[in-house]
Student: 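Okay, here's the structure, questions in a sec.
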Amino acid sequence: MSATAKVPTVAAAPRAAASRAAAPWLSVGAALFAVAWGGNEFTPLLVMYRQIDHMSALTVNVLLGAYVLGIVPALLLGGPLSDRYGRRPLFVPAPLIAVAGSALLAVGAASAPLLFAGRVLSGVALGLVMAVGTSWVKELSEAPFELDSADGRGASRAALALTSGFALGAGVAAALAQFGPLPAASPYVVHIAITLAAFFVLLQAPETRRRRRDAAPLLDDLRIPTAMDRRFLLVVVPMAPWVFGTAASAYAILPGLMMSQVPGLEVGISGLLCVVALGCGVAVQKLAARVDSPRSARGVVAALAVTVPAMCLAAVAVGLHSLPWAFVAAAALGTAYGMLLVGGLREIQRIAGPDDLAGLTAVYYSLTYLGFFIPAILAALGAWITYSAMFLAGSLIAALSLGVVAMSGRRHLPTG
């Protein structure tokens with residue numbers, strides 16, 4: 001459906017009430033933040049599982065990517081179904097699913113199957129909040145819920161909530177695992193408490209889409225026509241896997257390669273690399289919003305232009321086996337991640353019609369999470385190819401993606 005389709009029906013909200021309301025998007029944003037916290041708290045603990053439970057690099061990287069098995073179905077089903085049934089029915093259960101995932105992770109430190117199941121549940125929760133919550137925050141950032149709405153504000157708010165949750169979840173989990181009691185359980189207990197608090201705040205959020213009463217078959221809602229839009233195919237598809245490809249390179253690959261540099265502080269340094277990468281991702285998002293333009297793919301082009309040297313810096317860090325260079329590379333990769341996430345979401349919210357906004361957002365996020373398989377792929381190839389060579393190859397692929405997007409950046413612009 002084109003961006004010029006009719007405006008969806010939203011819950012009635014008088015303008016006077018909207019002016020009195022205290023930022024209703026924050027209720028949804030808090031749940032986005034909490035579930036994202038749980039989605040990334042596992043990452044800096046990869047080093048701990050390798051040390052305490054003697055899991056192989058391939059095993060822990062498979063566990064890292066396991067939650068993609070929950071994310072992708074939740075994205076592809078949750079997004080379109082929320083366009084049909086409303087945001088609340090699909091979003092409100094997500095924090096409770098995240099709590100169940102963290103509970104399994106807390107008790108399953110010595111069991112790969114329990115860790116796998118916990119990661120999948122964390123993925124289901126994250127998939128729901130990313131697809132449905134991003135759309136819900138956008139709608140709550142517009143009239144009648146906000147009278148001074150601005151282009152792209154909802155995308156920026158959702159990206160900020162997600163990235164802040166990813167960063168703080170990783171940092172706090174690493175600190176607790178390194179210095180706190182019960183290192184294999186306490187990070188997840190903290191997350192459970194935060195998520196339950198966010199769940200009760202979420203219950204105040206107003207619905208923005210009424211349940212559709214038409215007789216269209218349910219299967220029709222699972223089709224996303226705008227996923228075949230030429231701008232989506234030529235601008236969004238080439239950049240999407242780099243969103244979490246850059247992030248995972250910074251906080252899943254580099255820490256494992258630098259363990260020998262910090263004996264006794266491996267988990268803490270792993271968490272610090274996560275915080276540096278995602279902190280830069282948060283810090284750059286306002287700049288990314290300013291660089292973005294509705295008349296071209298300038299925001300995505302700039303993000304990919306940062307990705308190319310960031311991958312080269314990662315190759316240098318690994319080649320020199322240098323912890324300081326690893327922090328430089330993590331900062332560059334995190335900056336690329338933040339710019340890519342914002343640029344991609346803004347493109348999606350321009351391309352999508354009002355009746356498939358969550359659906360197209362779900363497709364976008366599904367493509368971004370392909371990047372989470374990069375650590376497992378590189379770990380499998382590591383027996384034959386050096387990580388430096390693989391990072392350099394990544395920079396070349398990023399350069400090719402940049403070329404495709406740059407050539408298509410002013411074509412097939414949305415008309416709405």
Side-chain angles (χ1 to χ4, degrees), residues 22-43 66-79 81-83 85-108 114-115 117-141 154 157-173 176 185-209 278 358 361-362 365 369:
W25 74 270
L26 285 171
S27 300
V28 179
L32 270 172
F33 170 85
V35 176
W37 178 302
N40 206 38
E41 65 186 338
F42 184 85
T43 306
Y67 86 140
V68 178
L69 299 179
I71 284 173
V72 172
L75 283 169
L76 295 180
L77 294 174
L81 290 177
S82 79
D83 285 330
Y85 296 113
R87 308 304 184 205
R88 291 180 63 88
L90 276 298
F91 188 97
V92 169
L96 300 180
I97 297 172
V99 166
S102 281
L104 285 178
L105 292 169
V107 301
L114 279 179
L115 292 176
R119 288 293 286 162
V120 171
L121 284 178
S122 297
V124 171
L126 189 59
L128 288 173
V129 302
M130 290 179 81
V132 183
T134 300
S135 303
W136 202 358
V137 168
K138 175 190 182 286
E139 291 159 354
L140 290 172
S141 300
R157 286 171 169 174
L160 181 62
L162 286 168
T163 306
S164 299
F166 289 146
L168 285 174
V172 172
L176 290 171
S186 57
Y188 303 113
V189 173
V190 169
H191 172 248
I192 289 170
I194 289 171
T195 306
L196 289 175
F199 172 75
F200 289 108
V201 172
L202 171 65
L203 297 179
Q204 305 172 23
E207 179 62 90
T208 55
R209 285 187 67 84
L278 294 170
T361 302
Y365 276 133
Y369 269 100

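One is the number of the first residue; the rest follow in order along the sequence. Remember, it's a predicted structure, so these values are computed and weren't measured experimentally. Every heavy atom of this structure was used, including side-chain atoms; hydrogens, water molecules and symmetry mates were not.
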Student: Donor-acceptor pairs under 3.5 Å, side chain of residues 91-103 to any protein atom, not counting sequence neighbours: which ones?
Tutor:
{"residue": "Ser102", "atom": "OG", "partner": "Glu41", "partner atom": "OE2", "Å": "3.0"}
{"residue": "Ser102", "atom": "OG", "partner": "His191", "partner atom": "ND1", "Å": "2.7"}

Student: Minimum heavy-atom separation for Leu140 to Pro24, with atom names?
Tutor: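 Closest pair (atom of Leu140, atom of Pro24, distance): CD1-O, 3.8 Å.
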Student: Identify the two heavy atoms, one from Arg87 and one from Val132, that lie closest to each other, and give their separation to 0.1 Å.
Tutor: O-CG1, 3.6 Å
Student: Which heavy-atom pair separates Ser135 from Thr361 by the least distance, and what is that distance?
Tutor: OG-OG1, 3.9 Å
Student: State, yes or no, whether a side-chain contact exists between Leu278 and Asn40 at a heavy-atom distance under 4.5 Å.
Tutor: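 Yes - at least one pair of side-chain heavy atoms lies under 4.5 Å apart.
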Student: Going by heavy atoms in the side chains, are Val124 and Ile71 under 4.5 Å from each other?
Tutor: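 They are not in contact (no side-chain heavy atoms under 4.5 Å apart), so the answer is no.
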Student: Just to verify, what does Tyr365 make a side-chain hydrogen bond (donor to acceptor under 3.5 Å, both in side chains) with, not counting sequence neighbours?
Tutor: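 So Tyr365 forms a side-chain hydrogen bond (donor to acceptor under 3.5 Å, both in side chains) with Thr134.
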Student: Please round to the nearest 0.5 Å and tell me the distance separating atom CD1 of Ile192 and atom CG of Leu105.
Tutor: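 Reported value, rounded in 0.5 Å steps: 9.0 Å.
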Student: Using the side chain to side chain contact (heavy atoms under 4.5 Å, CB included) rule, take Trp37 and Val190 through it: C-alpha gap first, then chi angles, then the decisive distance, then the call.
Tutor: CA-CA 10 Å; Trp37 178 302; Val190 169; 4.2 Å; yes
Student: Is the shortest heavy-atom distance from the side chain of Glu207 to the side chain of Pro89 under 4.5 Å?
Tutor: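 A side-chain contact exists here, since the closest heavy-atom pair is under 4.5 Å.
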Student: Checking Tyr369 now: which residues fulfil side-chain hydrogen bond (donor to acceptor under 3.5 Å, both in side chains) with it, not counting sequence neighbours?
Tutor: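 None.
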Student: Which atom pair, heavy atoms only, marks the closest approach of Pro73 to Leu69?
Tutor: CD-O, 3.1 Å
Student: State the CG-OH distance between Leu121 and Tyr67, to the nearest 0.5 angstrom.
Tutor: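 One finds 14.0 Å between CG of Leu121 and OH of Tyr67.
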Student: Taking Arg88 for its side chain and Ala205 for its backbone only, find out whether a donor-acceptor pair lies under 3.5 Å.
Tutor: yes
Student: Quick one: CG on Leu75 to CG on Leu126, what's the gap to the nearest 0.5 Å?
Tutor: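 Taking CG in Leu75 and CG in Leu126, the distance rounds to 7.5 Å.
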Student: Which heavy atom of Ala106 sits nearest to which heavy atom of Ala185, and what is that distance?
Tutor: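 Closest heavy-atom pair between Ala106 and Ala185: O-CB, 3.8 Å.
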Student: Specify the closest pair of heavy atoms between Leu90 and Gly86, including all atoms of both residues, with the distance to one decimal.
Tutor: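 That closest heavy-atom pairing would be CD2-O, 4.0 Å.
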Student: Taking the side chain as every heavy atom from C-beta outward, state whether Leu32 and Trp136 have any atom pair closer than 4.5 Å.
Tutor: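 Contact flag for Leu32/Trp136 side chains = no.
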Student: Does Arg119 reach the main-chain N or O of Leu114 with its side chain, forming a donor-acceptor pair under 3.5 Å?
Tutor: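 Side chain of Arg119 to backbone of Leu114: no pair is present.
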